[in-house]
Amino acid sequence: MRDTVMEYNPATIEAKWQEAWGEGAVFESDVDQSKPKFYCLEMFPYPSGKMHMGHVRNYSIGDSMARFRRLSGFNVLYPMGYDSFGMPAENAAKKIGGHPHDVTWENINSIRSDLQKMGFSYDWRRELATSDATYYKWNQWIFLKFHEMGLVERRTAPVNWCEKCDTVLANEQVKNNRCWRCADEVRQKDMAQWFLKMTAYADELLDSLEDIDFPENVRAMQRNWIGRSHGVDIDFPLVGEKEVIRAFTTRPDTIFGVTFVTLAPEHPLCETLVSGTEYEASYRELAEECARMSEFDRVNMLRDKKGVFLGRYASNPLTGEDVPIYAGNFVVASYGTGAVMAVPGHDQRDFDFAKKYDIPIRQVLSEEQGKEPKVTGRAFEGLGWMVNSNRDGFDGLYGDDAKQAVIQALESEGMGQGTTQYRLKDWLLSRQRFWGTPIPFIHCDDCGVVPVPTEDLPVELPLDVVFTEDQSGNPLASHTGFVNTSCPKCGGKAMRETDTMDTFYDSSWYFLRFADAMNNQAPFDKISADYWMKDGVDLYIGGIEHAVMHLLYARFFTKALRDAGLNDVSEPFSRLVCQGMVNAPTPYCASCNVELHVDLEGSPCPTCGDALTFRSAKMSKSLGNTVSPELMIEKFGADTVRLFILFGANPEAGMDWSDSAIESNYRQMRAIHSALIQGIENNSTTGNMDEWLLARARKSHIDWNGQMSNIGLREGVMISHFEMVSDWQWAQRRGGVSRTAAQSYLRTWIPMLYPATPHLAEEMWQILGEEEMLANTVIDMTITAHENDPITLGQEEYLRRVIDRARSVRELAQRHTEGALSAVIIQTAQVWKDDLAKKAIKMYQDGFNFKQGGSKFLQTQPYFRDESTKGEVMQFWKIVVSGQKKRRGRIYTWGEQENNLVQTGFDEVAFLSANAEFISGALEIGSVEVYRAGEGEDVAGKSRSSLPLEPGIAWR
RNA sequence: GCAGGGGUUGCCAAGCUUGGUCAACGGCGCUGGGUUUAGGUCCCAGUCCUCAGUGGUUCGCAGGUUCAAAUCCUGCCCCCUGCACCA
């Protein structure tokens, strides 16, 4: 046995335990109302081939937490699946002339095998792939449910079209007018599309954001995205017409400053107003210019605000005053009403516009109460006191009062309506692509658009489709077997809907499916969902890139499904952790500010010819700076990779890949391994360090549990994988421990190694003689310190400090001494110092006022009356109770350990003498002399500076 | 412009919510020593300045509060992320 366990051989033990876990089905968990649950979830991967470092990081964090919670007695749900619909598979199929189904499964099988090699503790029974009909059937079922609830709408609207992806996109999926996936420019197109009415939940989505434990930036992004603003729709009657222009504003308090009205060029009224007039030509020019440009370019050139007068006037509903109507290139048709009441006095943009076109500027708010507004050459946009109102009853009102007064006046006169606007739009979820969930509707010439009856689900994607590179459009549309069907209502000939769902739909409820993944009667059972999802997924880990899209959709789904009666929970994720990126060194040109491919390492910059330096950049294929997890596992083992990932940085911080760091972590694993072996083989019957080592174990365990409970993985691992090794080694150097203590230490330590490096922990646990796997073990997390622990730990720290201080003086001492040093002389504090310090601590704890009563107390002390020591006593007292210069008095700085030592009358001389041999070894000095100051020669005058716990140290 | 997050001793990075035990955890790098046939591994020590030690100057910059500030307050500078002529 000895030979097999002496060497750390990760390949062997990792395979062994992965198999044992699988055979024992130890990670399978079911609803158990008697146990507290912990639902740990990672954003499931899109199966794009191999597992990459980003995945490794994400899942290493999750797996450690899942294992930690199991160890603590929780019933843990920890599932894994694949977000396997989507375009890359379809595009890959086109390239190789295959079917996305096959491409997808090849990738899934590859990723699954990678996941298993890392030893992640998933309940594999629950594995799912969204491209399976067993999953997407429920997508369709839910869609029909939403349809019943009135949340589904098919309507023709201008939508975002991506040419390259050959499909429409949701608003959330367009960044800077570019497709989030392929970065191709998106253009607007009118199409009949399917929408989910997410706006019906806008308020709840925004308001409940306050109650969930999301990172602040994610919350801010969602808040921003929903973009709720309170205001009022105001009707400006067209002069000489019956029609009105409805404008939305959040600043009704500025209504008396309106000097013109601006319409979006796309506003239908523009056309009506100018048609056949002298203003038509200039309007058309503007409108066409705007239409020609993509929205992106339009935004970019909007520094140049442009507008044209439309030749007509509208009247201010509160004053009857006529103001000109303009069309402006900066007014967005899709926000609010597409019309803006312009107040140049209090809106900088309107101000600039008014200056340019010579429109009057009127200030109707004052910055200071009771004063006239200042003329500053720019708009005052803050809240102020109303002035110059062309109507009684408004001047002097401020802020919300002012706004409310105006809204009330408008409402009572039927000229306006208080309202709330959102930036959030309904979710456009239809896609003109093959590899997605078919939308379960049928088009019938007679009956219109008819839902597929639930008993006919799933509407399956055909497998007999040939994909080719030159193909364009959706192959579903040309698959007659799929398209041709009969109408469920009238039985007549009908056609299937060929649009499929956005893949974000699939991931919007997969966490609920995981709660009851094998269910073939329903998407999930309510009891299971409510058990596992109570208060949401307890820990959800994934990338920040889904802050708005996935996380918003999932929140919407959970609420909508709740209203459908499928579950009780309202928020899917109670604690969200966005793990940081994994970066790696990349060639970098400082002058050009570009990161370059690793192949260019050592060459000059291809653009400017400068020498390249290195910089950390996100691992990416295009830079070639990726590191293959597979290779690393092969080289160092999964446990080392996991340790590196967890110890390298806190979950939310970015981390840099480093070859030397992973090697150092591998060394650490070996150090742990050999310490464990040494511990297991220890047969000593005596042990000087028993008490100390076990006290350390208790303290480490308490700290570790605290850190791990709060996802402080880096700190947790530092304790379990670093400090505890050092403690073990220190105990060995200081005289070793007995078999009993070693065994006890290992029984505390090995389980602590388990969350981060489970294979090694299981192996050692078994060698230790335990029969039950750690995977099946619950350990006591309520370990507390023993009463004597502070003293035990304090003494050892005292020794270390004495040695440290001796070392730091050594060099200086050498300079003052001729010849080699031969002895270190340690003078501990005089008895009276110990006594005074003890009293001072007690007095401090009793709340004694040292400033007032300090010197009076001193005078009662015997050693104070002795003229020869009086000065020293004074000085000492000051150091102890008030400190000197920047350093506080010792009574304040001593911790629990020090206080305990001083108060229990710790005998420093006896302790140091007993350890003289160790000290002389550590300091590599022949002789160690210890005595109380005054009881031996006062070498180098150190007796005076000796303090309790800080003996005077001299060299000779 | 708006919003969110940051700037800590060579690098990475704790701590700052609940001011004092913070010259400030830990890792990397570097230096020295030991172990080893050698290299590697491993172990020990050092790594702001000064000094036979309880001293000085540090935690983006400048002020302020306090007996006491990396930690609280004010202003400024810089960096990152998201949104953006949103009325």
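Each chain gets a letter, A, B and so on, in the order the sequences are listed, and its residues count up from 1. FYI, side chains are in, hydrogens and waters are out, and symmetry mates aren't considered; it's all heavy atoms of this structure.
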Review point. Counting distance only, does the side-chain N/O of A/Tyr357 pair as donor-acceptor with the main-chain N or O of A/Gly307 below 3.5 Å?
Key: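 At least one qualifying donor-acceptor pair exists.
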Review point. A/His346 side chain to A/Phe380 main-chain N or O, any donor-acceptor pair under 3.5 Å?
Key: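 Answer holds: yes.
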Categorize [X] for me: base, sugar-phosphate, or nothing, with a 4.0 angstrom heavy-atom threshold over every strand shown.
| X | value |
| --- | --- |
| A/Arg805 | base |
| A/Asn650 | sugar-phosphate |
| A/Glu898 | nothing |
| A/Trp955 | base |
| A/Ala813 | base |
| A/Ala653 | nothing |
| A/Ile544 | nothing |
| A/Thr337 | nothing |
| A/Arg807 | sugar-phosphate |
| A/Arg670 | sugar-phosphate |
| A/Gly941 | nothing |
| A/Ser808 | nothing |

Exercise for review: Nearest-nucleotide wise, let me know which of A/Arg223 and A/Arg956 is further upstream toward the 5' end of RNA chain B.
Suggested key: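 Mapping each residue to its closest nucleotide by heavy atoms, the 5'-most match is A/Arg223.
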Looking only at side chains, do [X] and [Y] share a donor and an acceptor under 3.5 Å apart?
| X | Y | result |
| --- | --- | --- |
| A/Thr640 | A/Asn665 | no |
| A/Arg423 | A/Asn171 | no |
| A/Tyr798 | A/Glu908 | yes |

**Study point:** Length of the line joining A/Ile672:CD1 and B/U41:P, which is rounded to integer Å
**Key:**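 To the nearest whole Å, that distance equals 17 Å.
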**Study point:** B/G19 to B/A13 separation - C1' atoms, rounded to the nearest Å
**Key:**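 So the two C1' atoms sit 23 Å from each other.
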Point to revise | N or O in side chain of A/Arg251 less than 4.0 angstrom from B/A87 OP1/OP2 | key: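 It does not, given that no N or O in the side chain of A/Arg251 lies less than 4.0 Å from OP1 or OP2 of B/A87.
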Point to revise | A/Arg423 side chain, from C-beta outward: closest of B/G26, B/A52, B/C86 | key: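 Nearest to the side chain of A/Arg423 among the choices is B/C86.
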Practice item. Measure from the side-chain heavy atoms of A/Arg733 and tell me the nearest of B/G46, B/A87, B/C44. Key: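 Out of B/G46, B/A87, B/C44, the nucleotide with an atom closest to A/Arg733's side chain is B/C44.
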**Study point:** Nucleotide paired to B/A84 in any strand shown, Watson-Crick or G-U, under 3.5 Å
**Key:**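 When the pairing criteria are applied, nothing turns out to pair with B/A84, so the answer is none.
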